[in-house]
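The structure presented is a predicted model; accordingly, all values stated were derived computationally and were not measured.
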Amino acid sequence: MSTEVSESRRRTLVGRVVSDKMDKTVTVQVERQVMHPRYRKYITRVKTYKAHDESNECKVDDVVVIEESRPLSRTKRWMIIERRSAQ
């Protein structure tokens, strides 16, 4: 057995906080670009995720890194692991 810490196999996403009105929860908007199958043009797809923010430190427009976790509530399955302030 090695004593090294293995890297997490959980998915991570980078997004922007669009709502912080809930207690210990923020809504994060993640944008990704996909190529249209016929027209070969990139189009933007947007999805929102609810993420756990234990210390209520994230504010609207902060850029955050979220990581997949166990279900924390009916809709919350992500946790904030890194926060970058709005510029």
Side-chain angles (χ1 to χ4, degrees):
M1 277 283 160
S2 70
T3 57
E4 295 179 23
V5 178
S6 64
E7 287 191 30
S8 176
R9 294 178 190 238
R10 297 176 177 173
R11 288 195 311 154
T12 60
L13 299 172
V14 178
R16 190 173 56 87
V17 177
V18 291
S19 173
D20 62 350
K21 294 175 191 276
M22 296 168 275
D23 185 34
K24 297 186 180 181
T25 304
V26 293
T27 303
V28 179
Q29 182 176 1
V30 176
E31 290 185 359
R32 64 189 179 95
Q33 297 207 326
V34 295
M35 186 180 284
H36 191 280
R38 170 175 281 172
Y39 300 118
R40 301 287 187 223
K41 192 171 187 179
Y42 282 101
I43 51 179
T44 303
R45 296 288 185 209
V46 177
K47 189 165 181 182
T48 58
Y49 299 93
K50 300 274 188 356
H52 186 65
D53 179 20
E54 182 65 38
S55 57
N56 283 326
E57 63 183 12
C58 293
K59 302 296 175 210
V60 175
D61 285 337
D62 285 353
V63 176
V64 294
V65 179
I66 58 176
E67 182 180 61
E68 211 172 21
S69 71
R70 64 182 177 83
L72 299 167
S73 71
R74 191 178 94 180
T75 58
K76 194 162 54 166
R77 270 96 173 111
W78 297 82
M79 294 187 76
I80 304 280
I81 58 171
E82 185 183 335
R83 174 182 167 257
R84 301 177 199 139
S85 299
Q87 292 149 344

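Under the 4.5 Å side-chain heavy-atom criterion for Ile, Leu, Val, Met, Phe, Trp and Tyr, V65 and L13 are members of distinct hydrophobic clusters.
Residues that satisfy the side chain to side chain contact (heavy atoms under 4.5 Å, CB included) test with D20, not counting sequence neighbours, are V26, K59, V60. Evaluation of the salt bridge (Lys or Arg N to Asp or Glu O under 4.0 Å) rule for E68 yields R11 as partners, not counting sequence neighbours. By the side chain to side chain donor-acceptor pair (under 3.5 Å) test, E82 is found to be paired with R84, residues two or more places apart in sequence or in another chain being considered. Annotation: salt bridge (Lys or Arg N to Asp or Glu O under 4.0 Å) contacts of R32 (sequence neighbours excluded): none.
Within the 3.5 Å criterion, the main-chain N or O of V17 finds no donor-acceptor partner in the side chain of D62.
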Pair up each side-chain donor or acceptor in residues 39-50 with any protein partner under 3.5 Å, not counting sequence neighbours, and list the distances.
{"unit_1": "R40", "atom_1": "NH1", "unit_2": "P37", "atom_2": "O", "d": "3.4"}
{"unit_1": "T44", "atom_1": "OG1", "unit_2": "Q33", "atom_2": "NE2", "d": "3.4"}

Please tabulate, for side-chain N and O atoms in residues 70-81, each donor-acceptor pair with protein atoms closer than 3.5 Å (sequence neighbours left out).
{"unit_1": "S73", "atom_1": "OG", "unit_2": "K76", "atom_2": "N", "d": "3.2"}
{"unit_1": "K76", "atom_1": "NZ", "unit_2": "K24", "atom_2": "O", "d": "3.4"}
{"unit_1": "K76", "atom_1": "NZ", "unit_2": "T25", "atom_2": "OG1", "d": "2.9"}
{"unit_1": "K76", "atom_1": "NZ", "unit_2": "H52", "atom_2": "ND1", "d": "3.0"}
{"unit_1": "R77", "atom_1": "NH1", "unit_2": "S73", "atom_2": "O", "d": "2.3"}
{"unit_1": "R77", "atom_1": "NH1", "unit_2": "R74", "atom_2": "O", "d": "3.0"}

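Pairing each heavy atom of N56 with each of M22, the nearest pair is OD1-O, 4.2 Å. The minimum heavy-atom distance linking C58 with D53 is given by the pair N-OD2, 3.1 Å.
Taking CZ of R10 as the start and CD1 of I66 as the end, the distance is 13.0 Å to the nearest 0.5 Å.
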